[in-house]
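Report on the following structure.
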Amino acid sequence: MTDDRDQPTCTDAGADACDVFDVFARACPSRGTLEHVTGRWGSLTLGALHEGGFRFNELRRRVDGVSEKMLSQTLHALERDGLVHREAQPTNPPRVDYRLTPLGTEVAEQLLALIHLVEGRMPQVLAAREAYDAERAALVTP
């Protein structure tokens with residue numbers, strides 16, 4: 001087992017000289033990537049792209065509820081993080097395809113495991129919500 005305490009961390013050395021990443025450290029760049037991946041539109045976009053490549057409007061239809069602006073911002077962030085590949089075809093009208101990179105595929109597989117866990121446990125979640133709401137209502141009702 002390696003002792004990482006001897007390695008410069010994000011907070012010790014700055015993000016550029018960082019050997020050990022700690023998402024709990026405010027200055028660590030891994031925190032921004034985690035936000036991109038786990039945000040509502042990032043996780044849904046990665047999950048959708050795990051199904052295969054999409055054109056922008058196809059992806060927008062697949063990720064129901066996302067605005068054009070939010071999807072564009074999400075795709076730019078994920079592309080910058082190396083999770084999504086954007087390929088522009090020199091056609092008229094222009095065609096742009098999006099697909100996961102190998103790193104994006106690895107991240108999406110982990111996300112999909114969490115998504116499937118949540119979907120599979122929704123009966124328990126809904127029962128917990130109902131019990132919580134009933135308990136809160138009983139406290140408010142005289």
Side-chain angles (χ1 to χ4, degrees), residues 1-89 91 93-142:
M1 182 183 221
T2 311
D3 186 358
D4 291 336
R5 288 177 287 179
D6 295 334
Q7 302 293 328
T9 64
C10 301
T11 53
D12 297 333
D16 293 339
C18 187
D19 291 331
V20 177
F21 296 95
D22 178 6
V23 75
F24 295 101
R26 179 180 8 180
C28 188
S30 64
R31 185 179 284 195
T33 301
L34 184 65
E35 289 174 11
H36 298 156
V37 168
T38 61
R40 178 192 329 179
W41 303 122
S43 58
L44 294 174
T45 299
L46 288 168
L49 286 171
H50 191 265
E51 299 169 3
F54 284 92
R55 294 176 71 172
F56 184 87
N57 284 324
E58 293 171 334
L59 187 56
R60 186 166 171 226
R61 283 190 296 275
R62 179 66 181 115
V63 181
D64 191 27
V66 68
S67 69
E68 187 173 323
K69 178 182 176 183
M70 285 308 305
L71 181 57
S72 179
Q73 289 175 355
T74 299
L75 287 167
H76 284 288
L78 295 173
E79 182 182 10
R80 184 170 184 253
D81 288 338
L83 304 174
V84 170
H85 175 73
R86 177 185 186 273
E87 186 172 345
Q89 305 288 335
T91 60
R95 177 185 170 127
V96 180
D97 295 302
Y98 296 91
R99 63 176 169 76
L100 293 177
T101 63
L103 176 59
T105 299
E106 185 178 350
V107 170
E109 287 170 355
Q110 297 296 315
L111 268 175
L112 286 169
L114 177 60
I115 289 168
H116 294 142
L117 174 69
V118 169
E119 289 174 337
R121 296 292 190 239
M122 280 312 295
Q124 292 98 319
V125 171
L126 295 174
R129 287 180 185 176
E130 189 175 313
Y132 177 91
D133 293 344
E135 184 179 308
R136 294 293 178 256
L139 293 174
V140 175
T141 307

Inter-residue atom distance Trp41.CH2 - Ser72.OG, 0.5 Å rounding: 14.0 Å
Identified side chain to side chain contact (heavy atoms under 4.5 Å, CB included) counterpart of Val84 within the set Leu100, Thr74, Leu103: Leu100
Exercise: identify the closest heavy-atom pair between Ser30 and Asp22: OG-C, 3.8 Å
Side-chain touch Val125/Met122, heavy atoms, less than 4.5 angstrom: yes
More than 12 heavy atoms from other groups under 6.0 Å of CD on Glu58: yes
Spatial distance of atom CZ (Arg86) from atom OG1 (Thr101) [nearest 0.5 Å]: 15.5 Å
Pairwise distance CG(Asp81) to CD(Glu79) - rounded to 0.5 angstrom: 10.5 Å
Neighbour count above 12 (heavy atom, 6.0 Å) for Arg62 CZ: no
Expected output: side-chain Arg99 to main-chain Gly52 donor-acceptor under 3.5 Å: no
Student check: side-chain heavy atoms of Val66 and Arg60 closer than 4.5 Å: yes
Atom pair CZ/CG of Arg61 and Leu71 - distance to nearest 0.5 Å: 11.5 Å
Heavy-atom side-chain proximity of Glu68 to Phe56 below 4.5 angstrom: yes
Spacing of CD belonging to Gln110 relative to OG1 belonging to Thr105, to within rounding of 0.5 Å: 12.0 Å
Heavy-atom donor-acceptor pair, His50 side chain to Leu46 backbone, under 3.5 Å: no
Spatial distance of atom OG1 (Thr33) from atom CZ (Phe21) [nearest 0.5 Å]: 9.0 Å
Residue pairs involving residues 125-139 (criterion side chain to side chain donor-acceptor pair (under 3.5 Å); sequence neighbours excluded): Tyr132-Arg136
Ionic contact status for Arg95 with Asp97, cut-off 4.0 Å: yes
Close side-chain approach of Leu49 and Phe54, heavy atoms under 4.5 Å: yes
Polar side-chain atom of Arg55 near backbone of Val96 as donor-acceptor pair, under 3.5 Å: no
Leu83: which of Leu75, Thr45, Val37 passes side chain to side chain contact (heavy atoms under 4.5 Å, CB included): Val37
